Protein chains: 2
Amino acid sequence: MGVLRKTKHLEHVLQAFRQSSDALSAGMLLDALANEINKSTVYRMLQKLEDDGVIHSFLTMDQIRFYALCKGCSSGRHVDTHAHFQCTSCKRVSCVSEEIVLPTPGRSRITSAQVLLTGQCESCLS
Amino acid sequence: MGVLRKTKHLEHVLQAFRQSSDALSAGMLLDALANEINKSTVYRMLQKLEDDGVIHSFLTMDQIRFYALCKGCSSGRHVDTHAHFQCTSCKRVSCVSEEIVLPTPGRSRITSAQVLLTGQCESCLS
DNA sequence: TGCGTTGTCGCAACCGAGTTGCGTTAATTT
DNA sequence: AAATTAACGCAACTCGGTTGCGACAACGCA
Ligand SMILES: [Mn+2]
Ligand SMILES: [Mn+2]
Ligand SMILES: [Zn+2]
Ligand SMILES: [Zn+2]
């Protein structure tokens, strides 16, 4: 599966995640690092970081994948499952720390869940 | 916003939903009505049916929109919010009737939620 | 410090779900 | 039957994301 090399682009991307309290999309990263980094590179980097358990991803209502730093995950073992929230006003996306109790429909076996909440965030309400 | 006309294609699509206990995607409908109906027509029809409160839609893990019949919804007022489930083996998608208790992150105001469960369905487990 | 290995990069072409503009067809209204 | 207008087929398009490939650079080791 390969070793993760410490390259300039990787540092920039990781720094973007650490500096942001929100989740980020590939497009937002491309805008932030305008013309400094190629589209394919960003997507490949995000995929590898997710495989390695450094970040996790999820989809928003408008079918765009967002990414955020993991806590306590490792290669191939994602354990920090939680809900995500997108504000309909400012469009910002964030992780929700509160735990969620999920049902087991019928006699099926649930192995993962994606929960996306939408509404207005604290700062957009005031 | 226009009146809903009773056309042959519409009858076929509604019949497909009534005959299926699963949720359906635009692609699945196109396959079912092979070459009998155009891609744009299906998408436009699904959008209108959703606007009119006849069907509701949601996204699966692989970013494909699925649709299912509503219960008790009307034009512009969708009230039958519930979770959805996709089997990782047979890929089939269905609605989950059980209610789910969701958290309210911080002081934000949640107006809608999408919950997608994945795992193995009853028939794929046996 | 020099060199080989191999992961990463940029580029350009591609993919596929979904959208759109437009001229035509057909369901509904009169 | 004629007028109205929603629904249709077609083709071109959008856009988030992928892929093949040759060039480049991070890393391990001598
Ligand atoms: Mn998260
Ligand atoms: Mn449903
Ligand atoms: Zn906001
Ligand atoms: Zn199944």
Side-chain angles (χ1 to χ4, degrees), chain A residues 1-17 23-68 75 84 86 91 93 114 116, chain B residues 1-17 23-68 75 84 86 91 93 114 116:
Chain A
M1 116 149 267
V3 185
L4 191 63
R5 289 191 177 174
K6 189 177 177 180
T7 168
K8 186 190 289 183
H9 286 157
L10 176 64
E11 285 308 308
H12 286 160
V13 168
L14 287 179
Q15 195 176 355
F17 278 115
L24 302 173
S25 67
M28 293 166 75
L29 285 169
L30 284 168
D31 289 345
L33 314 171
N35 305 332
E36 292 284 317
I37 184 169
N38 187 269
K39 189 168 79 163
S40 321
T41 305
V42 168
Y43 280 109
R44 279 191 277 236
M45 203 157 56
L46 290 172
Q47 185 180 311
K48 164 154 256 188
L49 286 174
E50 185 166 21
D51 289 344
D52 288 1
V54 179
I55 59 178
H56 61 280
S57 80
F58 54 93
L59 299 172
T60 54
M61 291 290 200
D62 28 80
Q63 315 194 52
I64 294 175
R65 187 167 294 275
F66 274 73
Y67 299 84
S75 172
H84 296 97
Q86 180 164 37
K91 305 296 179 189
V93 181
Q114 287 221 11
L116 178 67
Chain B
M1 113 152 266
V3 185
L4 190 63
R5 289 188 178 178
K6 189 178 176 179
T7 169
K8 185 190 290 183
H9 287 158
L10 177 63
E11 284 308 308
H12 287 161
V13 168
L14 287 179
Q15 194 175 357
F17 278 114
L24 302 173
S25 68
M28 293 166 75
L29 286 169
L30 285 167
D31 288 345
L33 314 172
N35 305 334
E36 291 285 316
I37 184 170
N38 186 269
K39 189 167 79 163
S40 320
T41 306
V42 167
Y43 281 110
R44 279 192 276 236
M45 204 157 55
L46 290 172
Q47 185 181 311
K48 165 153 256 189
L49 286 174
E50 185 166 21
D51 289 343
D52 288 1
V54 179
I55 60 178
H56 62 279
S57 80
F58 54 93
L59 299 172
T60 54
M61 293 288 199
D62 27 81
Q63 314 194 54
I64 295 175
R65 188 168 293 276
F66 273 73
Y67 299 84
S75 172
H84 296 96
Q86 180 164 37
K91 305 294 179 190
V93 181
Q114 286 220 13
L116 178 66

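From a predicted model like this one, the values you see are computed outputs, not experimental measurements. Side-chain atoms are counted along with the backbone in the values below, which use heavy atoms only and exclude waters and symmetry mates.
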**Q** Taking all heavy atoms of B:E50 and all of B:S57, pick out the closest pair and write down the distance.
**A** OE2-OG, 2.9 Å
**Q** Starting the side chain at C-beta, find the nucleotide from D:dG17, D:dA7, C:dA17 nearest to B:I64.
**A** C:dA17
**Q** Would you say a side-chain N or O of B:T41 is under 4.0 Å from OP1 or OP2 of D:dG9?
**A** yes
**Q** Measure from CG on B:L49 to P on D:dA6 and round the result to the nearest Å.
**A** 16 Å
**Q** Are any of A:K8's side-chain N or O atoms less than 4.0 Å away from OP1 or OP2 of D:dA26?
**A** no
**Q** Which pair of non-hydrogen atoms, one from B:L116 and one from B:T60, has the smallest distance, and what is that distance?
**A** CD2-CA, 3.5 Å
**Q** Which heavy atom in A:V93 sits nearest to a heavy atom in A:Q86, and how many Å separate them?
**A** CG2-NE2, 3.5 Å
**Q** Side chains of B:E11 and B:T7, heavy atoms from C-beta outward: is any pair under 4.5 Å?
**A** no
**Q** Round to the nearest Å and state the distance from B:K48 atom NZ to C:dA27 atom P.
**A** 15 Å
**Q** How close do A:R5 and A:L10 get, counting heavy atoms only, and between which atoms?
**A** O-CD2, 3.3 Å
**Q** Quick check on DNA chain C: between B:Y67 and A:L10, whose nearest nucleotide comes earlier from the 5' end?
**A** A:L10
**Q** Please enumerate all residues that pass side chain to side chain contact (heavy atoms under 4.5 Å, CB included) together with A:A32, with sequence neighbours excluded.
**A** none
**Q** With respect to the side chain of B:H9, which nucleotide from C:dG10, D:dC8, C:dT19 is positioned closest?
**A** D:dC8
**Q** When the distance from CD of B:Q47 to C1' of D:dA6 is rounded to whole Å, what number comes out?
**A** 14 Å
**Q** Give each protein N/O atom lying under 3.5 Å from an N/O atom of nucleotides 27-30 of chain D, with the pair distance.
**A**
from, atom 1, to, atom 2, distance (Å)
D:dC27, OP1, A:K6, N, 3.0

**Q** Who are the ring pair (Phe, Tyr, Trp, His ring centres under 6.0 Å) partners of B:F58, not counting sequence neighbours?
**A** B:H84
**Q** Output a table of donor-acceptor pairs, distance under 3.5 Å, between side-chain atoms of residues 38-46 of chain A and any protein atom two or more places apart or on a different chain; print 'none' if there are none.
**A**
from, atom 1, to, atom 2, distance (Å)
A:N38, OD1, A:S40, N, 2.9
A:N38, OD1, A:S40, OG, 3.1

**Q** What is the distance, rounded to the nearest whole Å, between atom CZ of A:R65 and atom C1' of D:dC15?
**A** 16 Å
**Q** Check whether any side-chain heavy atom of B:I37 lies under 4.5 Å from a side-chain heavy atom of B:L29, and answer yes or no.
**A** no
**Q** Separation of B:L46 atom CG from C:dT19 atom C1', in whole Å?
**A** 13 Å
**Q** Find out whether A:M61 and B:Q114 are in side-chain contact, i.e. whether some heavy atom of one side chain is under 4.5 Å from a heavy atom of the other.
**A** yes
**Q** With rounding to the nearest 0.5 Å, note down the distance linking CD in B:Q47 to CD1 in B:I55.
**A** 10.0 Å
**Q** Roughly, in whole Å, what's the span from CG in A:D51 to C1' in C:dT8?
**A** 15 Å
**Q** Looking for any heavy atom pair under 4.0 Å, which part of the strands does B:S40 touch: base, sugar-phosphate only, or nothing?
**A** base
**Q** Below 4.5 Å, heavy atoms only, C-beta onward: do B:Y67 and B:L24 meet side chain to side chain?
**A** no
**Q** Return the value, rounded to whole Å, for the distance between atom CD of A:E36 and atom P of C:dC9.
**A** 13 Å
**Q** Between the axis at one end of the helix from C:dT1-D:dA30 to C:dT30-D:dA1 and the axis at the other (five pairs apiece), what's the angle to 10 degrees?
**A** 30°
**Q** Taking side chain to side chain contact (heavy atoms under 4.5 Å, CB included) as the definition, give me every residue that meets it alongside A:L59, ordered by chain and number, with sequence neighbours left out.
**A** A:R65, B:Q63
**Q** Using the test side chain to side chain donor-acceptor pair (under 3.5 Å), find all partners of B:S25 that sit at least two apart in sequence or belong to another chain.
**A** none
**Q** Roughly how many Å is it from CG in B:D62 to P in D:dT18, rounded to a whole number?
**A** 12 Å
**Q** According to a strict under-4.0 Å criterion, is B:Y43 in side-chain N/O contact with OP1 or OP2 of C:dG18?
**A** yes
**Q** At a cut-off of 3.5 Å, list every protein nitrogen or oxygen paired with a nitrogen or oxygen from nucleotides 22-24 of chain C, distance to 0.1 Å.
**A**
none

**Q** Using 0.5 Å steps for rounding, measure from the CG atom of A:L33 to the CE atom of A:M28.
**A** 11.5 Å
**Q** Could you list the protein-to-nucleotides 14-16 of chain C atom pairs, N/O on both sides, closer than 3.5 Å?
**A**
none

